[in-house]
**Q** 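Below are the C-alpha cells for one structure; questions will follow.
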Amino acid sequence: MLRYLVTIDGHEYDIEMEYRAEGFDVSLNGKKRKVIQYKLGESRSLLLVDGQSHEVDVRGGCLDSSKIIFMQGQEIPGQIEDYNLAQLRKTAGMTTAAAIDRTVRAPMPGLVVEVKVAKGDSVTKGQPLLVIEAMKMENIIKAQGDGTVKEIYVEVGKSVEKAGKMLEFE
Amino acid sequence: MLRYLVTIDGHEYDIEMEYRAEGFDVSLNGKKRKVIQYKLGESRSLLLVDGQSHEVDVRGGCLDSSKIIFMQGQEIPGQIEDYNLAQLRKTAGMTTAAAIDRTVRAPMPGLVVEVKVAKGDSVTKGQPLLVIEAMKMENIIKAQGDGTVKEIYVEVGKSVEKAGKMLEFE
Amino acid sequence: MKRSIRKILIANRGEIAVRVIRACRDMGLTSVAVYSEADCTAYHVRLADEAYLIGEALSSESYLVHDKIIDVAKKSGADAIHPGYGFLAENATFAQRCADEGIIFIGPSPKTIAMLGDKIQARRAAIEANLPVVPGAEIDAANVHKALETAADVRFPILIKATAGGGGKGMRMVEKAEEFEEAVKRASSEALSAFGDGRVFIEHFLQRPRHIEIQILCDHHGNCIHLGERECSIQRRHQKLIEESPSPFVTEKLRQEMGEAAIKIARSTGYVGAGTVEFMVDQEGHYYFLEVNTRLQVEHPVTEMVTGFDLVREQVRIAEGDVLGYDQSDIRFSGHAIECRICAEDPEQGFVPSSGVLKNYRIPSGPGVRVDSGVVIFSEVPVYYDPLIAKLIVWGKDRDEAILRTRRALDEYRVSGLKTTLGFHQAVMDNATFRQGKLSTSFLAEEYPDNRFIQLDDTVRETAAIALALDKFLRARKIAVSNNSSSRRGDSNWKQFHRRKNLRNFGGSR
Amino acid sequence: MKRSIRKILIANRGEIAVRVIRACRDMGLTSVAVYSEADCTAYHVRLADEAYLIGEALSSESYLVHDKIIDVAKKSGADAIHPGYGFLAENATFAQRCADEGIIFIGPSPKTIAMLGDKIQARRAAIEANLPVVPGAEIDAANVHKALETAADVRFPILIKATAGGGGKGMRMVEKAEEFEEAVKRASSEALSAFGDGRVFIEHFLQRPRHIEIQILCDHHGNCIHLGERECSIQRRHQKLIEESPSPFVTEKLRQEMGEAAIKIARSTGYVGAGTVEFMVDQEGHYYFLEVNTRLQVEHPVTEMVTGFDLVREQVRIAEGDVLGYDQSDIRFSGHAIECRICAEDPEQGFVPSSGVLKNYRIPSGPGVRVDSGVVIFSEVPVYYDPLIAKLIVWGKDRDEAILRTRRALDEYRVSGLKTTLGFHQAVMDNATFRQGKLSTSFLAEEYPDNRFIQLDDTVRETAAIALALDKFLRARKIAVSNNSSSRRGDSNWKQFHRRKNLRNFGGSR
C-alpha cells in the first residue's frame, strides 16, 4: 500500500492505494473507491471509478511532482507527493511554491511591434511594457508589479516565441 | 538521376527521377512531371504532381521490393526495382514471382468448427477442406488445386489466427 | 402508465451502443455500458457515464447472458435497458425477464416480440391483416424428403430462412433440388448456433426484387405512424451494405400504400415502439410482406436524416408511456439520405472479416455528413463480433447530391490497420446502374460477378508509381549522403533539400 | 449571362477553404488550393484536387497578393475564384481584377463591395432605404480635438470602428472622453495594419444589445430572399464566439420585419450573391442597421442546418447566372442550430492565441453534429493566421436539444498540443443565463468578469487526483519489480497484473 498527498485546483487529497487482482483499492480522504484501469496508450487510460467511466491523460516527466491531467476536454494541473514526505515538509514549514519570477515571458508567439520601456526604467504595476502582434491582434503586455527594468531581450520587428524571455526586472 | 522500374496493378512504369531545388523532376514512361513532396509523418506524405494533390502512404520494409501504397482509401500493392537490374533480370529470363504455396492459410481469424479432410487424403480443386466460424458466419475453405494432404495443423474447437497455417499439401 | 426514465443500461456494444449513449446524453439521461473482456477499452465503454465488465469475450459469456445484464442494471440503478440490435434485441424471454424485474425494456412487449420473431406466425399475421406474402412454408430439417416435396410446391428457386432469426443469418438461396439437402442442413446448423433454434422455413425466391422497408412508430395509446421507406437492395448474402431513403423506385402512391400496410400489421399485432416492416418489391411494383423487425434497425439513421426524428429518443419517449404527439399528416420528408456500412472486411476477398488495431482512423465531416462509429483511432476490432465498425450517413437535397457527397466523404475517410469496405462503397457510388437508381438484391452479383470492385485509373496508378519511386529515391539519397558527407559537390543542394524537408516534417514520429 | 463554372480556385486557407473544397466535391467541380510556406501540409492543400504554392507565410506575401492568385487561376484554368471570408473576400480591387481577367469572382460586383465595405456609405444607403441606424459619424483620427466634439454629439459610451474593416478588427469601446484620444490612435493604427486604411468612425454604443443578422440570397435576375436570422451575441472584443439560429429572442413578426429590411437594402444597392445584413437589437426589440457583409460569414452553417440550404452551392449557382428558383414562401425553418468556434486560444488567459502541433485531434459526430475543421491530427497551427481551427455546428429539434447535444459533442472532442476554447464552450452550454436565452453582447463580461470559465466539480477533481496517484503508483511498482525481480512474495500477483496490463495495452506506442 502506498500513500500520497495530491493537490488539484487547491484541494488536497490524501490517497492510499493498493493493487488487487480485480482492480485497485483506493481510499480518497477516507472514502473507499474501487478503480479499474485500462491503458489506451502511452499516457492515456480509461479509469472506471466505482463503475464511472473517465478517459484521462496524465502528462509530465516521470519524476515531476507537477503534472497535467487532461480529461473531459479540460487541462487540470495537479501536484503529487509521497504522503509522509509531505507531512515532514509541512512540519518543517517549507513551501513547494516556485520562486517569484522576475522574468517577463511572451504569453503567445508573435511579432514585437513596440517596446515602451528602456533598460533602467522604473515601472509600476499595470504600466504597458511591450506590444505584441499575434494573429492580427495587438496585445499590450503590462507589468505584473513594480520594478526596474534590468534587461530587454526583444527588438521591434522581431518575432518572439511563446514563453520566450522578453524582459527582466532587477 | 536514378532510374526505376515500377509495377502497379500489372502496369509497368519506367521512372527517372532527379532532385531540383523547386521539386523533383520525374520522367514517367517518358512523360515529364514536376513533383513536390511534403512529409506528413513517418510513411505518409502529400504529393503534388504537376499541382495535383494526393495524400499517399507507402508501407513496407526499407529494403522490400514489394510495398503497399495507401491512397484515396485504397490499398495498392506495387513492386519497385532498379531499372538496370530489372533489365538484366529480364534478359536472363528470371522471374520475381514467389514459388507456389502448398500451404493453406487462414484467410481470417476464427474458430475451426469442422475439418473435412484427414492426413493422406487426396483432394481435388474446389473440395471443402475446413469450416471456420468468424464473426458469426461459417466460411468453407476449399482446395485451390488438386493434391494430397501432408499435414493438418488445426483442430476443431481451436481458434486460428489470420494467415495462420492450417493445412499443407505434399 | 407514465414511467420516468433517468438512467439507461445499453445491453450492446460497438456503433449501436455509441449511438444510444449519444442519445442518452442528448436527452440528459445517464448511460450505463456493459462490456466483455475483449471490449475493455472499446469506445462505448469510454463514452458511457458508467461501465461494468460482464464476462469473457464470447458473447455467450457476456452480452447474451440475461443474469449478468440484469445484475448490472440493478447494481447501477438503471430504470431501463436498451438492447440495440442483435444480441438480446429480439429475445422475448429477456424482455419478459426485464418486466418481471421491474426494469423497462425499450422495445415492444415480450408477446409481440415472440409472435413477430417467429417468422411463421408473423407470416400468418400478415395474411390475416390482408398483406400480400410470397409463397412459402415451414419445413422439418430432419425430414429432408418431406421438405423437398414442400420445396417443389413453393417452386425453385427458393430461399431457406431461420424461423427464429434475422439479419441474414442462416439464410440460403437454393436454385435446384439437388442442392437442397446440404443447404437445409447448413442453414439449420447456422440457425442453431446463432439463435439456439434450428428451425427453418422456405419461401419462393423472387427474381431481382428490391428490399424496401417501412419504419413505424406506435405508442401505448393506439397512435401509430410511419416514417416512410428505406431501400436496402444493395446486399450480399442477405447482408445489407448500402441503404437509402427515399427509395428511388417508390412513388408517393406506393409509399402511402406500403405505409398503410405496415401500420395495418402493427395495429393487428398490438405493436408498441419503433419497428420496421420489411417488404420485397418486384420490378413491377408489387410488394410482398417479408417480416417485422421488432427493434431499431442498423439503417435507422437514413430515416432520421430525411425526417428530422431522433428514433432512439422516440423509443425512449414511447417506453416512458408518452403520447406520440404528432400524426401522419405532420410527417415531412426532406432531401435524400444514404448509409454505407463500414465493415472490417476485405471486399476483394469475398468480404472475409478482418481484425486488428486501427493504426489510423479519421472520420469525414462537414455539410450533410454523419458518422456513427463504434471505434476511434487505436481501437482494436476483435474477431468475436459483427464486423460493422461504423456507418457513414450522408444527406443531400436530392439523390444526386447525396451520392456525390457520399463519394466525397468516403474519400476523406482514413482507416489503416484493417481491410474495410470503404473502397467497395466508392466503387458503388461511381457505378452507373446505381446512380440511375436501378437497384435489386441481385445488384452486386450482376455488376461485380468476380468481386472486383476497385478499378484503378491511370492517375492513381501513375501517382502510386511515383510515390514508390520517390520513397526509394529518398532512401538512396539518404544513404548516399551519409556515405559521402564530406563530398563538396552537390552537397549544398542536398543540405538545402534536407533543411526544407525537416521544416516540412510536421509528422507524428518526432 | 449564363456562365458555367467547372473549376474553382479557393483564395483562402483553414476551415473555410476546406468548406468550399467540400462544396466543390459535392457539386462535382474541380477545386484548386493555394498555400503559403507555412501551410505546405495544411488540410485544405491535402483535400483539394490541385494545389499551388504562392509565397511566404505572411499573408501579405501570399494570400493577399492579387497577382499570385490570378496567376494560379490562369495556370490551373480555374473559371472562378471563391474568396472565403477575410483576406480578399471584401476587396473591391481584387474583385475588379478578376472581372478584368475574365475570371468569375464568387461574390457581389466590385461596385457593391466597395460601397458596402465603406461603413459610412453603407450607413447612408441604409438611411436612404429607411432602415433604422444608431447615432454615429465619421471622424478624422489626425484631428483629435474635432473628433472629440463629434464624439460628444454622438454621446458616450461610443464605439470606434474601422471604416474599411470588419470582423471586430480595429474596434474599440470608449466609455469616457478621457480615454478617447488613445483609443482612436490605437484603432486607427490597427485598421491601417489590418486593412491598409486608417480611417475610423464612431457610433453610439447601445447598452446590452443583441447582435442579430439576416442571411440574404440575391440572383442576377432581381430575385432576393432571406434565410432568417442568426443570433451572434456571445462575443468578446467584438469577436463572435457562439452563434445560433433561430434567435431565442426573435418572434415571427420581428423576423419578417428584419428580413424585409435586409431585402430592402439589398435591392437598393443592387446586391447579387449571398450576403449578411447585421443589426443590433436592443432589449425592447428595436433593431438598428449595423453593416452588410458582402461574403460568406463564418457562422453561415447554422443557417444551413435550419434551412437545408448549402450556401456555397447557392453562391456558385448565382455566380453562374442561375435563377434562384424559389421564393420567400418556399423557405422553411426546422429545428435549432448552434455553432461553437473552436479557436487555438487560451480562454483562461484572456484568450491569448496558442500555436503548435495537434498531438491528438478527434472530432465528434453522430446525430445532428457537423464539424467544419481546417485541421486534422498532427496538423500544425501556425502563428500567422486567424486562430479559428474548426467550427462545431449542432442541430437539435429545439434549442434545449441543441444545447444538450452541443455539450455532448464538446465532451467527445479531443484536442491536445494546443489550448483551445473547448472548455469555454462547455462552460457556456452549462450556463443558466445562456440556457434561458437571455443573451447580449455583454454576456461574457457580465457572467465571467474574471475570465474564469472552467469550474471543476468534485467528481472531476477526485478522478484527476486518483489518476495522478495511480500514475505514480504504477511507476513505483514498476521500479519495485525491476529492483526486486527475484523476490518470490508478491511477485506472482504483480506478474498477473503485468500480463493483464499488456493484454489491455492496445495503445499506439507499440
Side-chain angles (χ1 to χ4, degrees), chain C residues 18-19 21-28 37 40-41 47 301 304-305 308-313 332 334-335 357 359-373 376-380 390 393 395-397 400-401 404-405 407-409 411-412 414 500 503-508 510, chain D residues 18-19 21-28 37 40-41 47 301 304-305 308-313 332 334-335 357 359-373 376-380 390 393 395-397 400-401 404-405 407-409 411-412 414 500 503-508 510:
Chain C
V18 169
R19 167 71 186 91
I21 292 166
R22 281 175 167 158
C24 289
R25 295 242 154 152
D26 293 353
M27 300 178 77
E37 287 187 356
C40 288
T41 60
L47 217 51
E304 297 185 326
M305 298 290 258
F309 275 72
D310 179 332
L311 288 174
V312 178
R313 174 188 282 268
R332 294 269 173 281
S334 158
V357 172
K359 294 190 190 111
N360 191 11
Y361 189 75
R362 208 167 77 201
I363 60 170
S365 192
V369 176
R370 161 179 169 185
V371 179
D372 280 15
S373 179
V376 292
I377 194 166
F378 302 137
S379 282
E380 182 166 15
I393 310 107
W395 181 92
K397 67 176 175 45
D400 288 342
E401 181 173 275
L404 276 172
R405 193 170 269 171
R407 188 66 171 85
R408 182 263 289 176
D411 288 350
E412 287 180 24
R414 289 283 175 283
R500 285 174 167 246
L503 249 174
R504 285 158 180 173
N505 192 333
F506 302 132
R510 310 211 162 179
Chain D
V18 169
R19 167 70 187 90
I21 292 165
R22 281 176 168 159
C24 289
R25 297 240 152 152
D26 293 353
M27 299 178 77
E37 288 188 355
C40 288
T41 59
L47 217 50
E304 296 185 326
M305 298 289 259
F309 276 71
D310 180 333
L311 288 173
V312 178
R313 173 188 281 266
R332 293 269 173 283
S334 157
V357 173
K359 294 191 192 111
N360 191 10
Y361 188 75
R362 208 167 78 200
I363 60 170
S365 193
V369 175
R370 161 179 170 186
V371 179
D372 279 15
S373 177
V376 291
I377 193 165
F378 301 137
S379 283
E380 182 165 14
I393 311 107
W395 181 91
K397 67 177 176 45
D400 288 342
E401 182 174 274
L404 277 173
R405 193 171 267 171
R407 188 65 172 86
R408 181 263 288 175
D411 288 349
E412 287 180 24
R414 288 283 175 280
R500 281 174 169 246
L503 248 173
R504 285 159 181 173
N505 192 333
F506 302 139
R510 311 211 162 180

**Q** Please classify the contact of D:Met27 with chain C as side chain, backbone, both or neither, using a heavy-atom distance under 4.5 Å.
**A**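 Backbone only.
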
**Q** A side-chain contact here means heavy atoms from C-beta on lying under 4.5 Å apart; do D:Arg19 and C:Pro367 qualify?
**A**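 Contact flag for D:Arg19/C:Pro367 side chains = yes.
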
**Q** Once you round to the nearest 0.5 Å, how far does CZ of C:Phe378 lie from CZ of D:Arg362?
**A**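 Output value for this atom pair is 10.5 Å.
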
**Q** Minimum heavy-atom separation for C:Gly28 to D:Leu404, with atom names?
**A**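 Distance-wise, the nearest heavy atoms are N-CD1, 3.9 Å.
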
**Q** Check salt bridge (Lys or Arg N to Asp or Glu O under 4.0 Å) between C:Arg25 and all other residues, then give those that pass, not counting sequence neighbours.
**A**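 Only C:Asp49, D:Asp411 meet the salt bridge (Lys or Arg N to Asp or Glu O under 4.0 Å) criterion with C:Arg25.
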
**Q** Counting heavy-atom pairs closer than 4.5 Å to chain D, which one of C:Val376, C:Ile393, C:Ile377, C:Asp400 comes out on top?
**A**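 If we count pairs closer than 4.5 Å to chain D, C:Val376 comes out on top.
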
**Q** Can you tell me which of C:Glu304, C:Arg332, C:Glu412 forms the most heavy-atom pairs within a distance under 4.5 Å of chain D?
**A**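 Top option by heavy-atom pairs under 4.5 Å: C:Glu412.
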
**Q** Closest heavy-atom contact between D:Asp372 and C:Gly366?
**A**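 Looks like OD1-CA, 3.4 Å.
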
**Q** Quick check on C:Leu47 against chain D: is it the side chain, the backbone, both or neither that has a heavy atom closer than 4.5 Å?
**A**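 The side chain, not the backbone.
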
**Q** Under a 4.5 Å heavy-atom cut-off, does chain C meet the side chain of D:Val369, its backbone, both or neither?
**A**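 The backbone, not the side chain.
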
**Q** What part of D:Arg313 gets within 4.5 angstrom of chain C, counting heavy atoms only: side chain, backbone, both, or neither?
**A**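 For D:Arg313, the contact with chain C is made by the side chain alone.
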
**Q** Report the residues that fulfil salt bridge (Lys or Arg N to Asp or Glu O under 4.0 Å) with D:Arg405, sequence neighbours left out, ordered by chain and then residue number.
**A**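 In terms of salt bridge (Lys or Arg N to Asp or Glu O under 4.0 Å), with neighbours along the sequence ignored, D:Arg405 is linked to C:Asp26, C:Asp310, D:Glu401.
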
